[in-house]
Protein chains: 2
Amino acid sequence: MPLTDACHDDGGLRLAAADAGLLADSIRSAGLKVTAPRLAVLRALTDRPHSNADALFGAVHSDLPGTSLQAVYGVLASFGTAGLVRKIEPAGSPALFERRVGDNHHHIVCTRCSVVHDVDCAVGHAPCLTPADALGFDVRAAEVIYWGLCAQCQADTSAP
Amino acid sequence: MPLTDACHDDGGLRLAAADAGLLADSIRSAGLKVTAPRLAVLRALTDRPHSNADALFGAVHSDLPGTSLQAVYGVLASFGTAGLVRKIEPAGSPALFERRVGDNHHHIVCTRCSVVHDVDCAVGHAPCLTPADALGFDVRAAEVIYWGLCAQCQADTSAP
DNA sequence: CAGTTGTTTTGATTGATTCAAAACAATCTG
DNA sequence: CAGATTGTTTTGAATCAATCAAAACAACTG
């Protein structure tokens, strides 16, 4: 019940068109000042979810050449605490960021090419998010990462 | 079926007494040379599962003062590829290591004190390890980390 | 439009981990 | 059991991701 992990749909945040006004609105309504680096990071993240700080810096830097990598880290940190982005940290990878928040979806990562996709929290499987024996813990969240070969890498590997 | 994740018991590896002969045997039967640093790391890991490289270095260093941190990293890497230890990488923490391998158990981490406990893979919940929609991936493993407050930290927090 | 507060830049630093070459030691072979 | 072989450890340096701190700057408030 106190789980962050309820399997419901996201709160209506639609990530399609990265209209500048909408981006500004979501920043403002998270209680943050609207600035060029923030708009640029949020736009880049809309276009390419599951990017790391460096990739976002690359994307942002081409629109907005004055921006520093540290600014990107700062923007991501403020977005994170404001609940505007979610940070995921798959083993062996730098942190990745995505705008899809609020639902607790999971991730599937290719062990060969490292591509990441979202995986919905399967309705009917929600009990999984409660451990067999919580050992007295007050469980607040569950994080699931699936590892495997993506379709493309399966094709590449089976025909060498 | 190809999942690494079947919920079965471990293969008879009992982690109780860290008898030197048994430790040596498991190293040897993994196809590795038996050396003092390897025995020391394996013993330390038996005594304190979920340790990071630095903590293991500390433990090893007191028995075997000549040992370097890099040796510990080397030992852990060879143990990892030999299937003798498992590496877990909870977000925001350095990598942790444990001897309990082969079963795919999960972990529960305290968000306040960072203590880690094992959580068995719940029989009857195994379907959870198959994503709702694998998106064409050949899924090989599923990793689950629960986050919450341990019993101790709940007590400390509720009575400040 | 000026003040306040929060943001970004600049520059340096940390922490975890990895790399590479040389010194060394465990096992294999005779 | 000594010597050869192969793999391991040491030593020392480097990398990558991320964070810290102070000064310069810009967005919202009134």
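All values below come from the heavy atoms of this structure, side chains included, with hydrogens, waters and symmetry mates left out. A note on names: the letters A, B, ... follow the listed sequences, proteins ahead of strands, and every chain is numbered from 1.
If you check dA27(D), dT10(D), dT8(D) against the side chain of Thr67(B), the one that comes closest is dT10(D). Distances from the side chain of Val75(A) to the nucleotides dT8(C), dA25(C), dT19(D) place dT8(C) closest. Here the side chain of Ser68(B) is nearest to one of dA26(C), dT19(D), dT11(D), namely dT11(D). You'll find that the side chain of Ala53(B) is closest to dT17(C), out of dG7(D), dA13(D), dT17(C). Of the listed nucleotides (dA26(C), dT8(C), dG6(C)), dT8(C) has the atom at the smallest distance from the side chain of Pro37(A). Of the listed nucleotides (dT7(C), dT9(D), dT27(C)), dT7(C) has the atom at the smallest distance from the side chain of Lys33(A). For Leu69(B), taking side-chain heavy atoms from C-beta onward, the closest of the listed nucleotides dT17(C), dT10(D), dC20(D) is dT17(C).
Proximity of Arg38(A) to the phosphate of dT8(C): a side-chain N or O atom is located under 4.0 Å from OP1 or OP2. At dT27(C), one or more side-chain N or O atoms of Arg28(B) fall inside 4.0 Å of OP1 or OP2 (strictly under the cut-off). Dashed line: the shortest gap from a side-chain N or O of Thr35(B) to OP1 or OP2 of dT9(D) is under 4.0 Å. When the side-chain nitrogen and oxygen atoms of Tyr73(B) are compared with OP1 and OP2 of dT17(C), one or more of them lie within a distance under 4.0 Å.
Cys110(A) has its side chain out of reach of Gln152(A): every pair of non-hydrogen atoms, C-beta onward, lies at least 4.5 Å apart.
A salt bridge links Arg100(B) to Asp120(B): at least one charged side-chain nitrogen sits closer than 4.0 Å to a carboxylate oxygen.
Residues Ser93(B) and Val72(A) both approach DNA chain C. Their nearest nucleotides, taken by heavy-atom distance, put Val72(A) toward the 5′ side. Heavy-atom distances to DNA chain C give each of Lys87(B) and Gly74(A) a nearest nucleotide, and the one nearer the 5′ end belongs to Gly74(A).
Using a 4.0 Å heavy-atom distance criterion, Ala77(B) is classed as making no nucleic acid contact. Across all strands, Ser78(A) comes closer than 4.0 Å to no nucleic acid atom at all (heavy-atom distances).
For the pair His61(B) NE2 and dT10(D) P, the computed distance is 9 Å after rounding to whole Å. For Leu64(A) and dA26(D), the CG to P distance is 12 Å, given to the nearest whole Å. Residue Leu39(B) contributes atom CG, which lies 14 Å from atom C1' of dT9(D) at whole-angstrom precision. With rounding to whole Å, Asn52(A) atom CG is found 13 Å from dT19(D) atom P. In this structure, CZ of Phe57(B) is placed 14 Å from P of dT9(D), rounded to the nearest angstrom. Rounded to a whole Å, the CD atom of Gln70(A) is 14 Å from the P atom of dA17(D). Put simply, CZ on Phe79(A) is 13 Å from C1' on dT8(C), counting in whole angstrom units. The separation between Leu42(B) atom CG and dT8(D) atom P is 15 Å, rounded to whole Å.
Put simply, the side chain of Glu143(B) never gets that close to the backbone of Ile145(A): no donor and acceptor are under 3.5 Å apart.
Smallest separation of non-hydrogen atoms from Val139(B) and Ala134(B): CG2-CB, 4.0 Å. Between Leu69(A) and Ala53(A), the shortest heavy-atom contact is CD1-O, 4.1 Å.
Residue-environment remark: CZ (Arg48(A)) stays at or below the threshold of 12 foreign heavy atoms within 6.0 Å.
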